[in-house]
Amino acid sequence: MIFGYARVSAFDQHLDSQIEQLREANVDRIVQEKVSGIHHQKKELTQLLHQLVKGDTLMVTRMDRLGRNTKQLLELIEELEAGSIHLVILNLGIDTRTPSGKFILTVMSAFSELDRTMIKEKQQVGITIAKRKGIYKGKKQKFTLKHDGVRHAIELHETTNKPVKEICKITNISEATFYRRWREYQKLKNTVTTGE
């Protein structure tokens, strides 16, 4: 099946032009949404993505209908590719059902990856210089032992038989964060107990 997705950023904007273009492209079904591109949660798009099955096609009039930046778009493309779902972007003539369409997206992905690598390299150089000058403080931890969610998770782990996965859902912290803070907490507890 071919699904069309039409989106505008504001409620006073109209979807008519997009819908007309998608109908002309012979889509089987059109999903409409009025939500800003800045929002990560696009409810209708998310529901549509869950409905798509292998061999389906997602069609949009313009690339920015799917995400506000290349990073968001490429993440979505990777998700679609993993599920063997095709993507068509009408104004760019990109159609992943064709070899040339796949090639264009591969090139876009490569440039995006290069950009990410260059940013990481710049950050690393900056960190190295800051360390040499003695001014590097590192990333400030959000989830310290003083964080309410972390404290609650540790308390639940000590006082209940709930599995860590469930505790992390309740307290809204990741399992990796929990285990890091749990080890830190145990070390601190041992230090206090042994009086070191």
Side-chain angles (χ1 to χ4, degrees), residues 5 7 9 33 35-54 58 63-85 87 105-106 108-196:
Y5 175 68
R7 180 184 66 77
S9 301
E33 189 155 44
V35 63
S36 168
I38 294 167
H39 289 292
H40 287 288
Q41 276 302 340
K42 295 173 186 70
K43 192 178 160 197
E44 296 299 327
L45 177 60
T46 303
Q47 283 179 1
L48 172 58
L49 293 172
H50 288 307
Q51 288 172 26
L52 296 171
V53 294
K54 186 178 179 178
L58 173 62
M63 184 166 35
D64 63 356
R65 298 305 84 201
L66 292 172
R68 72 185 175 106
N69 57 40
T70 312
K71 183 176 178 283
Q72 275 185 4
L73 180 69
L74 290 170
E75 282 171 0
L76 176 62
I77 289 165
E78 282 171 16
E79 196 180 313
L80 294 174
E81 275 184 351
S84 299
I85 295 154
L87 176 66
L105 285 183
T106 302
M108 280 173 66
S109 297
F111 275 114
S112 178
E113 185 57 41
L114 176 65
D115 190 40
R116 280 198 294 265
T117 305
M118 286 169 73
I119 288 167
K120 279 181 188 170
E121 282 176 5
K122 280 181 190 173
Q123 284 173 339
Q124 203 53 53
V125 168
I127 288 168
T128 305
I129 292 167
K131 278 181 178 175
R132 210 177 301 136
K133 289 180 178 177
I135 55 171
Y136 180 69
K137 291 177 182 157
K139 192 178 173 186
K140 195 178 177 186
Q141 285 185 347
K142 180 184 172 189
F143 295 101
T144 64
L145 286 173
K146 290 179 181 176
H147 185 273
D148 290 341
V150 173
R151 282 183 12 215
H152 188 203
I154 287 170
E155 186 187 327
L156 285 172
H157 192 56
E158 286 192 310
T159 59
T160 69
N161 291 325
K162 290 182 188 299
V164 170
K165 199 173 196 136
E166 193 182 330
I167 288 171
C168 290
K169 261 188 186 167
I170 294 166
T171 56
N172 206 21
I173 65 169
S174 73
E175 288 182 49
T177 297
F178 171 80
Y179 284 116
R180 272 196 300 272
R181 296 295 83 86
W182 177 254
R183 283 193 297 270
E184 196 180 316
Y185 170 72
Q186 291 293 1
K187 209 181 276 183
L188 199 67
K189 209 163 93 169
N190 289 341
T191 304
V192 172
T193 310
T194 57
E196 284 175 14

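Every value quoted in this text rests on a predicted model; they were computed, and no experiment measured them.
Shown are K187, R180, R181; of these, the salt bridge (Lys or Arg N to Asp or Glu O under 4.0 Å) with E184 is made only by R181.
Residue L188 holds its CG atom at 6.5 Å from CG of L145, rounded to the nearest 0.5 Å. Taking NZ from K43 and CG from L45, the interatomic distance works out to 13.0 Å, rounded to the nearest 0.5 Å. Here the OH-CG distance, from Y5 to L58, works out to 9.5 Å after rounding to the nearest 0.5 Å. Note that the OG1 atom of T46 and the CD atom of Q51 stand 11.0 Å from one another [nearest 0.5 Å].
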Pair H157-Y185, side chain to side chain contact (heavy atoms under 4.5 Å, CB included): steps then yes or no
CA-CA 12 Å; H157 192 56; Y185 170 72; over 6 Å; no
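No donor-acceptor distance shorter than 3.5 angstrom exists from the side chain of E44 to the backbone of E33, with no hydrogens or angles considered. Listed for the R151 side chain is a donor-acceptor partner under 3.5 Å among the backbone atoms of K146.
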Residues 164-178 side chain polar contacts: donor-acceptor under 3.5 Å, at least two apart:
from	atom 1	to	atom 2	distance (Å)
T171	OG1	I167	O	2.8
S174	OG	T177	N	3.1
S174	OG	T177	OG1	2.9

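Residues W182 and Y179 place their aromatic rings such that the two centres sit no closer than 6.0 Å.
You'll find the side chain of L66 stays beyond 4.5 Å of the side chain of I77, heavy atoms only. Contact check for L49 versus L52: side-chain heavy atoms found under the 4.5 Å cut-off.
Minimum heavy-atom separation, T160 to L156: OG1-O, 2.5 Å.
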